[in-house]
Structures are given as structure tokens and as C-alpha cells.
Amino acid sequence: MTTPEIPDAAQDYERMMGMVTGYWVTQIVRAAAVYNLAGHLASGTNTPEEIAKAESTDPDATRRLMRTCASLGLMTSDDGVHYTGTSLLNTLHKDAPNSLHHFAVSQSAPGTGCRGGGSRRPSAPVTTR
């Protein structure tokens, strides 16, 4: 069985979409690092509500962030409520050997070519302070 060949125009469209939206993943990874999701999950704080309370963020926005992180393979959830970090997320743990936490935050910060506001935190989740 042979795989049908994808037309050049479709390949170009897919490649360009990846280029245009690539920063979305960068900002999700930045939010995971800034809100210390790897640390929280490693310590047993494993629900969006618990993490939102610890980080003073909106619980619904935190839930959406965690679901998105799960879709990228950063965490898993069997019930949509309790999450477990993956080895990929552990690369963002501040105490991990060869941690990429600070690199992920600094390379996606304002002034490095990515879109964003001027604060140290990404635009979502919204804080409740």
C-alpha cells in the first residue's frame, strides 16, 4: 500500500501555519515554567484549583493551561481533574539537573522576539489578586 503524495501547495500551507503559530507553543511552555507546574505536580499539588490558589491565578484559566499542556505531552490526566507531570515537563523543574526552566522563561520574554506584555508573567492565566 502506498501513501498518497501531498500536493506542494498543501505542504507549503502546513509549513507556513507552523511558522505563524509556532510562538503559541513557546508561550504555553513559558507559562508552564513561570507558574512552576513541574514543581507543583512533583510536590503533589495536582489539580488546577490547587495550583491556581498557590499561584494566585484564575482557576478556569489554569485548567485551560493544564489541558493544553497535556495536549502537548507535558502532563497527563486520567480524569481531567488530577494531573501528573511527564519527563518532558520535568525538564522545566527548577531543581532538575540541566533544567531548562530559566531558558524557557528568558527566551520567550518580551524583547526576545516573542509577543507579550511587559510583566514577568504571561498574559494568561489571569491573576485574582
Side-chain angles (χ1 to χ4, degrees):
M1 182 172 177
T2 61
T3 305
E5 200 168 305
I6 299 172
D8 288 340
Q11 289 176 343
D12 289 344
Y13 180 85
E14 187 174 330
R15 285 184 63 208
M16 184 53 68
M17 282 298 293
M19 290 179 193
V20 171
T21 62
Y23 78 95
W24 294 353
V25 173
T26 303
Q27 293 302 306
I28 293 162
V29 169
R30 180 174 195 265
V34 167
Y35 295 113
N36 192 27
L37 297 185
H40 287 299
L41 294 177
S43 71
T45 304
N46 66 0
T47 68
E49 289 75 18
E50 293 170 335
I51 292 173
K53 184 175 181 182
E55 293 292 326
S56 298
T57 58
D58 178 73
D60 289 331
T62 303
R63 181 178 301 103
R64 289 190 302 272
L65 172 62
M66 292 177 73
R67 278 196 329 248
T68 303
C69 286
S71 76
L72 295 173
L74 298 175
M75 57 185 69
T76 61
S77 177
D78 292 331
D79 61 6
V81 177
H82 299 89
Y83 289 81
T84 303
T86 64
S87 60
L88 184 58
L89 181 66
N90 288 340
T91 63
L92 296 178
H93 196 293
K94 292 177 186 178
D95 298 331
N98 301 315
S99 173
L100 294 171
H101 177 271
H102 297 292
F103 184 73
V105 172
S106 67
Q107 292 303 301
S108 58
T112 59
C114 289
R115 298 172 51 126
S119 68
R120 84 165 182 84
R121 292 186 177 240
S123 59
V126 177
T127 58
T128 58
R129 295 182 211 180

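What you are looking at is a predicted structure, and each value in this text was computed from that prediction instead of being measured.
- Under the 3.5 Å distance criterion, the side-chain polar atoms of Thr21 are left unmatched by any main-chain donor or acceptor of Trp24.
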Quiz item: Is there a side-chain hydrogen bond (donor to acceptor under 3.5 Å, both in side chains) between Thr62 and Thr57 once you walk through the steps?
Solution: CA-CA 7 Å; Thr62 303; Thr57 58; 2.7 Å; yes

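- Of all heavy-atom pairs between Leu92 and Ala32, the closest is CD1-CB, 4.1 Å.
- For the residue pair Glu55 and Asn36, the shortest heavy atom distance occurs at OE2-CB, 4.2 Å.
- Here the shortest heavy-atom pairing between Arg67 and Tyr83 reads CG-OH, 3.3 Å.
- Residues that satisfy the side-chain contact (heavy atoms from CB on, under 4.5 Å) test with Thr84, not counting sequence neighbours, are Thr76.
- When atom types are taken as modelled, the side chain of Ser99 and the backbone of Ala96 share no donor-acceptor pair closer than 3.5 angstrom.
- Linking Ile, Leu, Val, Met, Phe, Trp and Tyr whenever their side-chain heavy atoms come within less than 4.5 Å leaves Val81 and Leu65 in two separate clusters.
- Taking every heavy atom of both residues into account, Pro48 and Pro59 meet most closely at CB-O, 4.3 Å.
- To the nearest 0.5 Å, the span separating OG on Ser56 from CD1 on Ile51 amounts to 13.0 Å.
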Quiz prompt | Trace of the side chain to side chain contact (heavy atoms under 4.5 Å, CB included) decision for Tyr23 with Arg30 | solution = CA-CA 10 Å; Tyr23 78 95; Arg30 180 174 195 265; over 6 Å; no

Practice problem: Please step through side chain to side chain contact (heavy atoms under 4.5 Å, CB included) for the pair Ile28 and Leu72, ending with a clear verdict. | Solution: CA-CA 9 Å; Ile28 293 162; Leu72 295 173; 3.7 Å; yes

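- At distances below 3.5 Å, at least one donor-acceptor pair connects side-chain atoms of His101 with backbone N or O atoms of Ala33.
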Under 3.5 Å, side-chain donor or acceptor atoms of residues 6-17 against the rest of the protein: list the pairs with distances, not counting sequence neighbours.
none

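- Once rounded to the nearest 0.5 Å, the distance linking CE of Met66 with CG of Asn46 reads 7.5 Å.
- The distance from atom CZ of Arg64 to atom SG of Cys69, rounded to the nearest 0.5 Å, is 13.0 Å.
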Practice problem: Determine, stepwise, if the pair His82 / Asp79 fulfils side-chain hydrogen bond (donor to acceptor under 3.5 Å, both in side chains). | Solution: CA-CA 6 Å; His82 299 89; Asp79 61 6; 2.8 Å; yes

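- A side-chain donor-acceptor contact under 3.5 Å links Thr86 to the backbone of Gly73.
- Across every non-hydrogen atom of Leu37 and Met75, the tightest pair is CD1-CE, 3.8 Å.
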